[in-house]
Amino acid sequence: MTGGSTTGDDGARPVDTEAVDGNPDSAPWPLWEVFVRSSRGLSHVHAGSLHAPDAGMAVRNARDLYTRRNEGVSVWVVPSNAITATDPDAKGAYFESAAGKDYRHATYYTKSEGVKHL
Amino acid sequence: MSGESATRISTGEALTAEDIAAANDAGTRASDDVAQYALRLGDDSLILAQRLGWWISRAPELEEDVALGNIGLDLIGHARSFLTYAGGAWGKTEDDLAYFRSETEFRSAHIFEQPNGDFARTIARQLVVSYFQYELYSRLVDSTDETLAAIAAKAVKEVAYHRDHSVQWVLRLALGTEESRRRMIAGIKLTWPYVEELFQDDELIEKPGGAAVRPSELREPFDALIAEVFAEAELDIPDVPSSLGGGRQGRHSEHLGYILAEMQVLAREHPGASW
Amino acid sequence: MATPSSGLSAVKDIPVPDEAAEAGQAHFDQIMADDSRIEPRDWMPEKYRKSLVRQIGQHAHSEIIGMQPEANWITRAPSLKRKSILMAKVQDEAGHGLYLYSAAESLGTSRDTMMDQLITGKARYSSIFNYPAVTWADMGAIGWLVDGAAIVNQVPLCRASYGPYGRAMVRVCKEESFHQRQGFEILLELANGTEAQKQMAQDAVDRWYAPSLMMFGPPDSDSPNSQQSMQWNIKRFTNDELRQRFVDMLAEQVKVLGLTLPDPDLKWNEERGHYDFGELDWDEFKEVLAGRGPCNSQRMERRREAHEEGTWVREAAVAYARKTAAKRAEQEAGAAS
């Protein structure tokens with residue numbers, strides 16, 4: 001398996017990315033999230049993150065860092081601060097409604113068990 | 001832990017130095033002329049890889065350590081293939097050739113032995129070399145010599161990436177800050193005297209016939225592409241005299257001796273040892 | 001925590017109402033009890049966060065500083081095959097450092113801050129890298145012993161309670177097993193080589209053995225942070241447990257090499273089902289930790305130099321990104337009007 005998520009970041013990120021001494025170029029390189037498609041037919045999976053000055057360098061750095069062992073056939077990079085995530089404190093409201101709706105899963109329907117091709 | 005996936009370093013089914021060594025043993029050997037030609041290409045990549053190896057752990061940012069490492073690894077791979085193939089003609093291994101030849105027996109062009117300098121100078125050298133090698137390998141794939149063609153087929157894809165890497169940095173350094181622009185221009189100026197030598201034909205290049213690529217053929221496409229890069233980066237070709245060269249005949253600058261002294265010291269301390 | 005975290009983390013200064021903190025603590029405790037995973041935006045005790053930033057940061061720094069003793073031999077590697085393997089390995093270490101910095105960054109401390117702590121000497125890295133790599137055999141001994149100890153340490157960390165750390169470690173461990181094997185093979189080749197090569201191998205093992213055992217940290221009786229880390233499911237085994245596991249492995253592997261380990265007290269103990277081994281010289285460990293190792297200042301100097309020499313390059317890239325973004329915005333504005 002490749003493409004196991006490294007950071008699994010969901011939006012919590014540092015904010016100390018400001019320039020010092022009023023020099024706008026002294027700011028650290030921004031952070032990017034990297035998604036790698038390990039082979040054709042599969043989704044891009046979050047692989048980790050890296051720093052790069054812009055998208056062009058980010059995608060190249062991602063290739064160098066996350067596909068050194070034939071891990072990928074395609075790479076996406078996304079600025080970390082462009083990711084909007086669900087609020088972990090509101091996870092009840094977001095995700096618990098799906099629980100209790102067992103009827104959405106095939107395993108709910110037991111009476112048809114043993115019927116072929118169903 | 002899955003050890004299998006971790007131990008696989010080289011890519012898929014690409015030709016490796018080991019494959020070529022096996023072919024040598026099976027009798028598919030280069031003629032002396034082809035071997036002399038392969039030696040030049042192998043030495044170019046070897047000396048450059050040796051230079052780039054210095055950067056690892058010293059690059060301007062950690063991501064760049066990884067990037068330069070990839071380029072260095074590609075180059076050692078090319079060197080190993082070419083040298084293994086060349087060595088087949090003379091009953092020598094890649095390591096015999098890399099570690100037990102003296103300065104005057106090396107056939108690399110002068111540009112490859114130029115010092116790293118600052119990052120801009122290294123990038124200037126990378127720009128010239130990667131564009132030169134790309135033009136060369138993209139023609140060598142049609143070589144009448146199957147092994148050279150196969151080595152080139154793998155190398156050309158990797159060198160395409162080296163080309164891209166150098167252009168990205170040339171643009172950023174040339175158009176970034178005042179300081180980076182000044183350094184980029186200085187780096188190009190220091191590199192340019194060694195461009196001419198890369199494109200010189202000589203007697204040897206005629207001998208292997210269709211197996212080799214004539215360097216002079218590469219000059220025009222090289223100039224055209226470099227002109228495009230320089231236009232975008234707002235750079236000019238520096239007005240500097242070309243060095244006489246002589247690397248292909250074994251006449252080198254003072255740099256090569258130090259490179260070899262470092263590279264060969266351990267192997268020469270233990271002749272005949274295996275590692 | 002009453003004291004502000006000296007700019008260590010940006011997320012922390014937001015005052016959390018007691019009620020939320022209580023609910024957060026309950027959730028956190030439940031996660032620990034279930035042996036589940038904490039993710040970056042979950043509430044976590046301040047000490048847990050700090051302890052993780054310290055540990056992951058130290059770990060990342062060790063990878064980056066750890067590049068140096070081996071990079072020292074890239075240009076002198078005695079065969080082209082070994083040269084490529086070594087270069088790939090040192091490059092992997094940069095990669096591992098990057099995976100780990102990413103994990104630490106998800107806790108709210110930027111890589112820039114951590115790098116700054118490293119080059120100003122405020123952050124630690126593994127002391128073992130303050131020993132010099134003086135012969136080629138050291139490449140073998142570092143792979144076999146240092147990477148070997150690292151793997152024994154790191155495999156349990158793949159299950160660390162902090163999700164991003166565990167995931168980074170899965171990736172690291174997968175790649176690290178190549179490092180240990182290539183080291184072992186270097187030694188094997190030397191041990192079966194000429195007399196001089198064999199001596200070189202034995203000498204390297206003699207020098208790296210004890211320091212590698214010390215990589216597991218001080219004895220349990222003298223390890224203040226261990227207990228808490230165990231409770232938080234960050235550490236899974238004690239220092240001494242892991243050290244014993246490592247010695248048991250080495251004692252067998254060294255036979256394949258035909259070399260010896262420099263410990264007269266090393267002996268199989270039938271009753272314990274483990275190898276007994278001699279006392280380690282913890283005074284030396286403390287000396288090196290305190291900065292008096294042979295290479296402390298050299299390692300720091302190199303990292304500082306690389307970082308400072310790289311400043312103009314990093315700034316150029318930022319300037320270029322800024323200028324091209326501005327140009328693009330201008331063009332788009334022009335196209336729109």
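For the numbers below, each heavy atom of this structure counts, side chains included, while hydrogens, waters and symmetry mates do not.
- Remark: the B/Ser180 side chain and the C/Glu315 side chain contain no N/O donor-acceptor pair separated by less than 3.5 Å.
- If you measure heavy-atom distances from B/Arg183 to chain C, the contacts under 4.5 Å come from the side chain alone.
- Both the backbone and the side chain of B/Glu63 come within contact range of chain C, with heavy atoms under 4.5 Å apart.
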Apply salt bridge (Lys or Arg N to Asp or Glu O under 4.0 Å) to C/Arg111 and B/Glu61, showing your working.
-> CA-CA 11 Å; C/Arg111 186 164 105 199; B/Glu61 186 51 287; 3.1 Å; yes
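- The most heavy-atom pairs under 4.5 Å with chain B, out of C/Ala316, C/Ala319, C/Ala77, come from C/Ala316.
- A side-chain donor-acceptor contact under 3.5 Å links C/Thr75 and B/Glu262.
- Rounded to the nearest 0.5 angstrom, B/Arg80 CZ and C/Lys81 NZ are separated by 7.0 Å.
- Expressed to the nearest 0.5 Å, how far NE2 of C/His307 lies from CG of B/Leu62 amounts to 9.0 Å.
- Residue B/Tyr99 touches chain C through its side chain alone, counting heavy-atom pairs closer than 4.5 Å.
- One side chain, C/Gln91 or B/Asn70, offers a donor N or O that lies under 3.5 Å from an acceptor on the other.
- Neither the backbone nor the side chain of B/Ile259 has a heavy atom closer than 4.5 Å to any heavy atom of chain C.
- Heavy atoms closer than 4.5 Å to chain B are found in the side chain of C/Arg303, but not in its backbone.
- The candidate with the highest count of non-hydrogen atom pairs below 4.5 Å against chain B, out of C/Gln182, C/Glu70, C/Arg82, is C/Arg82.
- In this structure, the portion of B/Trp169 lying under 4.5 Å from any heavy atom of chain C is its side chain and not its backbone.
- Each of B/Glu178, B/Glu179, B/Arg182 was evaluated against C/Trp312; a single residue qualifies, B/Glu179, per the side-chain contact (heavy atoms from CB on, under 4.5 Å) test.
- Separation of atoms CD (C/Gln197) and CH2 (B/Trp275) is listed at 4.5 Å; rounding is to 0.5 Å.
- Ranked by non-hydrogen atom pairs under 4.5 Å with chain B, the options C/Arg314, C/Arg302, C/Lys323 are led by C/Arg302.
- Taking CD1 of C/Ile74 as the start and OG of B/Ser57 as the end, the distance is 7.0 Å to the nearest 0.5 Å.
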